[in-house]
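This report refers to the structure that appears directly beneath it.
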Amino acid sequence: MTNREVAQILVRIADILGIKDENPFRIRAYRNAAEVIYRLEENINDLHRLDRIGDIPGIGKAIKASIKEMMDRGSCEYYDQLLNEVPEGVLQMLSIPGLGHKTVRVIYENLGIKSLEELLKAARANEIQKLPGLGAKTENNIIKGIEMLAQNAGQATLGIASPAAERLKNYLLEVDAVSAVSVVGSLRRGKPLVNDIDILVEARDFLAVYDHVNNYPGAISVNRIQPDLISGQLTYQIDFEIIMVEPEDFYPYLVWTTGGKEHREIIFENIDIKNLRGMNNEEQVYEKLGYQYIPPELRENTGEIEASRTGEMPFLIEKRHIKGDLHMHSPWSDGGTEIEELREAAREMKYDYIAITDHSKSLTISGGLNEERLSAQGLVIDALNRQCQDFTIFKGIEVDILKEGQLDFADEVLASLDIVVASIHSYFNLDREEQTERILRAIRNKYVNIIGHLTGRLLNRRPGYEVDIDRILMAAHKHQVALEINSHPDRLDIDAELARRAREYGVKIAINSDAHHKQDLELIKYGIINGRRGWLGPDDIINTWDKDRLLQFLNKK
DNA sequence: GCCGTTTTCGGCCCGACTGTTTTCAGTCG
């Protein structure tokens, strides 16, 4: 079992205990243990072998015993027992926004409802509003919530799909008869939510590939649909398809299977793909088809074909262009890695600078900084900066944008910082006009440099709030405020479409990790993909700039 | 359930909104 899978079971135990209304501190102990294991750098299997699971902070006697059981047989007695009391379908109700453990418990105990389908039926039959403490609004909310979940059903974020695809890819490369493997389809194009994982395999022996895949430990099911096509499902209910081709067919099929449907239909119009055999790379395939090479992220038929014909392909951002990360958290608020260690991790990524942007005081749950602690943190950062001359830690804040658009700190406080990221963490349901005005007011503040996760969307969980994008882009340009591409795979906010519009307005972008742990710094790769999908180049992105140019941008006024 | 002790049990992030009530419980960040 992977760390992630162990953590997932612990979370589910916590969820069931919540529905059972157990001691909240006990529940938190399980959640905490899950979090610790999820973040753990060591592989939990290795620790198990060395009998060192008990050394992990937050893991005591009871949880250690459960984890050991999971290592040995994939589950544990305690969890199995709990699942008997509270079935899977009841746990799924927790993913409906606004429904927590108490409400789910009321529904389950009073109506005996065990699945989302049954719940939807009951809500539509107005059974829910008859329950104690629940009313028509909650009932309506349940219907809307289930419909939203159904809409995204089976869609996986890049954070889930991408590592799963990489693992499968590496597994396929173990086969002797396999000479090349590439992830293709919407995942290669970097769509934030994908229906499945598609993989193209270059092989001399298709049957050998099938035999190997059949033994893949990460697969729940494997079927051979056609001689050259395997389909199945991986853990986390992600469907996959493996397309096998002979070596001389690899590159034309790489282009064929990567592009979106419309893109493919246009560039392969009146072409027999068999005539393209023997190509050595994708560039050659595009050339043969009469086009300049088009990067995978752009193959959506949103103007890239015209640009390719006229030789006007954009120069896109790449990982190597990134010189720093301008949004991350330390243990001063809700981060898990000390500032010094964040610096070391950033240096390993070849960055020149980072900004520490902890939460501000109104976000109490996240340990938001007040003025005193912020200035104390500044002294620590000054001391760290004195230690090394070739790397800069910027003093920053992720300041809360309050209800009316005021900021959580006075201007004098913001003025003392190198960088100010302003974000919304409350009042998500203001109407479009109010929300827009609120953000505009923050943009007009002369110390604000970046608006963090602009729309507040959470993929698969919550749509972004309604705002008047054009007014915001105009203001951002006028007041020299950058918009963030938040790289967390659950956010990717702003999205590619918006990023592309921002560019047209001349608005600059910051691609940030919003890391809460040093491992999260790597999430920036998803933000970069998102930026590429938004046709952005290094010049559009302020954290590809060297320190002097960046400082010039930050010191507007 | 875990931790950290003043070694054997008490303490363990909070504040505001929403929808249900008719004074507050549940959810969320």
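Only this structure's heavy atoms are used, side chains among them; waters, hydrogens and symmetry mates stay out. Below, chain A is the first sequence line, B the second, and so on; all start at residue 1.
The side-chain heavy atoms of A:I509 and A:I494, taken from C-beta on, include a pair separated by under 4.5 Å.
Distances were taken from every side-chain heavy atom of A:Y427 (C-beta onward) to each of B:dG1, B:dT27, B:dA16; the shortest belongs to B:dA16. Considering only side-chain atoms of A:H425, the nucleotide from B:dG1, B:dT20, B:dG29 that sits closest is B:dG29. Looking at the side chain of A:R28, the nearest of the listed nucleotides B:dC12, B:dG15, B:dG1 is B:dC12. Taking every side-chain heavy atom of A:K137 into account, B:dT20 is the closest of B:dT20, B:dG1, B:dG29.
Glycosidic conformation at B:dT20 (O4'-C1'-N9-C4 for purines, O4'-C1'-N1-C2 for pyrimidines): anti, more than 90° from 0. A glycosidic torsion no more than 90° from 0 defines the syn conformation, and B:dT8 adopts it.
At the phosphate of B:dG26, neither OP1 nor OP2 sits under 4.0 Å from any side-chain N or O atom of A:R105. One finds no side-chain N or O of A:K102 lying less than 4.0 angstrom from the OP1 or OP2 phosphate oxygen of B:dA25. Contact between the side-chain N/O atoms of A:T103 and the OP1/OP2 oxygens of B:dT27 is found at a separation under 4.0 Å. Taking side-chain N and O atoms only, A:N429 has a distance below 4.0 Å to OP1 or OP2 of B:dT18.
The number of heavy-atom neighbours closer than 6.0 Å to NZ of A:K361, taken from other residues, nucleotides and ligands shown, is above 12. Shown here is A:Q129, whose CD atom has more than 12 heavy atoms of other residues, nucleotides or ligands within 6.0 Å. Counting non-hydrogen atoms of neighbouring residues, nucleotides and ligands closer than 6.0 angstrom, the OH atom of A:Y78 exceeds 12 such neighbours. Counting heavy atoms of neighbouring residues, nucleotides and ligands inside a 6.0 Å radius, atom NE2 of A:H477 does not exceed 12 of them.
When rounded to the nearest whole Å, the span between CZ of A:F428 and P of B:dT18 equals 11 Å. Atom NZ of A:K144 is separated from atom P of B:dT18 by 13 Å (rounded to the nearest Å). What separates CG of A:D400 from P of B:dG15 is a distance of 15 Å, to the nearest Å. A straight line from CE of A:M93 to P of B:dT27 spans 13 Å, rounded to a whole angstrom. Atom-to-atom, CZ of A:F25 to C1' of B:dC14 comes out at 12 Å; the value is rounded to the nearest Å. In this entry the distance linking NZ of A:K361 with C1' of B:dG15 reads 15 Å, nearest Å. If you take OH of A:Y465 and C1' of B:dC17, they are 16 Å apart, rounded to a whole angstrom. The CD1 atom of A:I56 sits 11 Å away from the P atom of B:dC3 (whole-angstrom rounding).
No hydrogens or angles considered: a donor-acceptor pair under 3.5 Å links the side chains of A:H101 and A:D15.
Results of the side chain to side chain contact (heavy atoms under 4.5 Å, CB included) test with A:I354 over A:L326, A:T392, A:L342, A:N543 single out A:L342 as the only residue that passes.
In this structure, A:I27 reaches neither bases nor backbone, as no heavy-atom distance under 4.0 Å exists between it and the strands shown. Within the 4.0 angstrom heavy-atom criterion, no nucleotide atom of any strand lies near A:D334. Here A:A136 lies in heavy-atom contact (under 4.0 Å) with sugar-phosphate atoms only. Across all strands shown, A:P97 has heavy atoms under 4.0 Å from sugar-phosphate atoms exclusively, and none from any base. At a threshold of 4.0 angstrom between heavy atoms, the contacts of A:R461 with the nucleic acid are absent. Within 4.0 Å (heavy atoms only), A:I63 reaches sugar-phosphate atoms of the nucleic acid but no base atom.
Within the 6.0 Å centre-distance limit, the rings of A:H425 and A:H453 are counted as a close aromatic pair.
The separation of B:dG26 from B:dT21, taken at their C1' atoms, amounts to 13 Å, rounded to a whole angstrom. Straight-line distance between the C1' atoms of B:dC13 and B:dC28: roughly 14 Å, to the nearest whole Å. Comparing the same atom, C1', in B:dA16 and in B:dG11 gives a spacing of 25 Å after rounding to whole Å. Comparing B:dC9 with B:dC14, their P atoms are spaced 25 Å from each other, to the whole Å. Of the P atoms belonging to B:dG15 and B:dG10, the separation is 25 Å, rounded to the nearest Å. Nucleotides B:dT27 and B:dT20, compared at atom P, are 12 Å apart to the nearest Å. Look at the C1' atom in both B:dC12 and B:dT18: the space between them is 28 Å, to the nearest Å.
Under the Watson-Crick and G-U wobble criteria, each requiring two contacts below 3.5 Å, nucleotide B:dT8 is left unpaired.
Mapping A:T138 and A:G100 onto DNA chain B by nearest heavy atom places A:T138 closer to the 5' end of the strand. With the nearest nucleotide of DNA chain B identified for both A:H101 and A:P132, A:P132 has the one nearer the 5' end.
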